[in-house]
Amino acid sequence: MSQHIFVLTGAGVSAESGLGTFRDKSGEGIWAKFDPMKLATPQGFERDPRTVLAFYDARRRNLLGARPNPAHFALARLEQALAARGGRLTLVTQNIDDLHERAGSREVVHMHGELLKARCQSCETVQVWPRDLTVDDACPECDHVGALRPDVVWFGEFPLHLDDIDHALRHADLFVAIGTSGAVYPAAGFVAEARAQGVPTCEINLEAADNAFLFDDARYGPASEIVPAWVEELLET
Ligand code: OAD
């Protein structure tokens, strides 16, 4: 059995918890209904902070009412089982929700930030922020009013923890991407990096990702069914 497994998750792992995905072939994704250039860029926020904050308020409220699904629980189980055998799971997520943590995952690398945190653009302090965020809110640290923004990565900004991710990718025995369309870089490029290191790669997805040809193995279907079955199989070997 592989000792160090690197798992990259995307919106598909949380889809069955009701959080929606960004792009799907039926045209129902979040970015088919909302303009990411207006809602997920620093320029969009500068132009119209109220609209951007309202978009994230709605997503935060939705998240607070959501629950982890069997895919999240299976990955938490995998982390514990690997640790008990002297191995490890590196769980990197593009998701800004906290459903992996609520399912029991202890170490989650949020490369696109976290919806339940706010960052002050004045003093750079990051705060836990589980409620609506408005332009009238003051930073609890520096008292600056109107400088708080969701602690999420927008288009044109650098994802977080890339050095740690690169290190983990170079030391993994297996790379698995779950519920991600392979459309957004740098995450979409991790599979190629893993391959370059000779690491076997596997895709778990509802439908083939844009970069599906880079994976050695693929399992298609809903994450809530495929992920628990894959974890079960892995732990039996
Ligand atoms: P996408 O919405 O691009 O892709 C979701 C993937 O999940 C697709 O491949 C779907 O086929 C798959 N999927 C849908 N339902 C599923 C289910 N029940 N089980 C398994 N798979 C399912 O989401 P991401 O790839 O995560 O970034 O998107 C990457 C980034 O683009 C996001 O982090 C976000 C977005 O713009 C930022 O906002 C910076």
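Just so you know, ligand 1 is whichever comes first in the structure, and atom 1 is the first atom listed for that ligand.
Classification of the His72-His100 ring pair by plane angle, with boundaries at 30° and 60°, yields perpendicular.
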Tell me which donor-acceptor pairs under 3.5 Å the side chains of residues 176-194 have, and how far apart each pair is, sequence neighbours excluded?
{"from": "Thr180", "atom 1": "OG1", "to": "Gln94", "atom 2": "NE2", "distance (Å)": "2.9"}

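Around the NE2 atom of His167, the shell of radius 6.0 Å holds no more than 12 heavy atoms that belong to other residues, nucleotides or ligands. In Asp163, the CG atom is not crowded: 12 or fewer heavy atoms of neighbouring residues, nucleotides or ligands sit closer than 6.0 Å.
At a threshold of 4.0 Å, the pair Glu114-Arg59 does not count as salt-bridged, since none of the basic side-chain nitrogens sits closer than that to a carboxylate oxygen. A salt bridge between Arg119 and Glu141 is absent, with no side-chain N of the basic residue lying under 4.0 Å from a carboxylate O of the acidic one.
A distance limit of 4.0 angstrom between heavy atoms and ligand 1 selects the residues Gly10, Ala11, Gly12, Ala15, Glu16, Thr21, Phe22, Arg23, Trp31, Gln94, His112, Val153, Phe155, Gly179, Thr180, Ser181, Val184, Asn205, Leu206, Glu207, Gly221, Pro222, Ala223.
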